[in-house]
Amino acid sequence: MPFYTFTCNSCGKTFEVRCSIAEKDSGAVVCPGCGANELDRIFEGFAVAVKGSGCKSAGASCPHANKCGGCCGGN
């Protein structure tokens, strides 16, 4: 199950909870501080690590306008 971050509209507490998508969407998640269920979901970024050489371009010019971070041999 994924983790979701919420902010309570009643008391302002920000908290993280592990729940199913159905629980998140049904309003079953409540604030651990005050018990209210009027919550705003906080969207957080995440990182992805890719192993290997990524998007090689076999010696051709970089298909990402040289903004690929070097995965194609570009700058």
Side-chain angles (χ1 to χ4, degrees):
M1 278 192 270
F3 284 93
Y4 297 98
T5 303
F6 296 94
T7 297
C8 178
N9 290 328
S10 295
C11 70
K13 181 177 180 70
T14 298
F15 61 96
E16 188 175 84
V17 65
R18 186 176 180 182
C19 64
S20 69
I21 294 171
E23 289 173 312
K24 172 191 63 85
D25 292 341
S26 71
V29 178
V30 296
C31 175
C34 70
N37 68 349
E38 292 186 27
L39 310 171
D40 286 331
R41 183 163 166 226
I42 307 297
F43 292 92
E44 297 184 12
F46 60 92
V48 177
V50 178
K51 289 189 169 195
S53 58
C55 57
K56 281 192 202 175
S57 191
S61 64
C62 177
H64 304 106
N66 291 326
K67 295 181 182 175
C68 65
C71 69
C72 303
N75 294 329

Participant: Test side-chain contact (heavy atoms from CB on, under 4.5 Å) on Cys11 and Cys31 and set out the steps.
Facilitator: CA-CA 9 Å; Cys11 70; Cys31 175; 3.6 Å; yes
Participant: About how many Å separate SG of Cys19 and NZ of Lys24, when rounded to the nearest 0.5 Å?
Facilitator: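 Here the rounded value is 7.5 Å.
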Participant: Other than Phe15, which residues form its hydrophobic cluster under the rule that side-chain heavy atoms must be closer than 4.5 Å?
Facilitator: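 Besides Phe15, the cluster holds Tyr4, Phe6, Val17, Ile21, Val29, Leu39.
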Participant: Nearest 0.5 Å, please: how far is CG in Asp40 from OG1 in Thr5?
Facilitator: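 Answer for the OG1-CG pair, Thr5 versus Asp40, is 12.5 Å.
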Participant: Can you find a heavy atom in the side chain of Lys13 that is under 4.5 Å from one in the side chain of Pro32?
Facilitator: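 Yes, close enough: below the 4.5 Å cut-off.
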Participant: Can you see which heavy atom on Met1 is nearest to which on Ser20, and at what distance?
Facilitator: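 Heavy atoms only, the tightest pair is SD-N, 3.2 Å.
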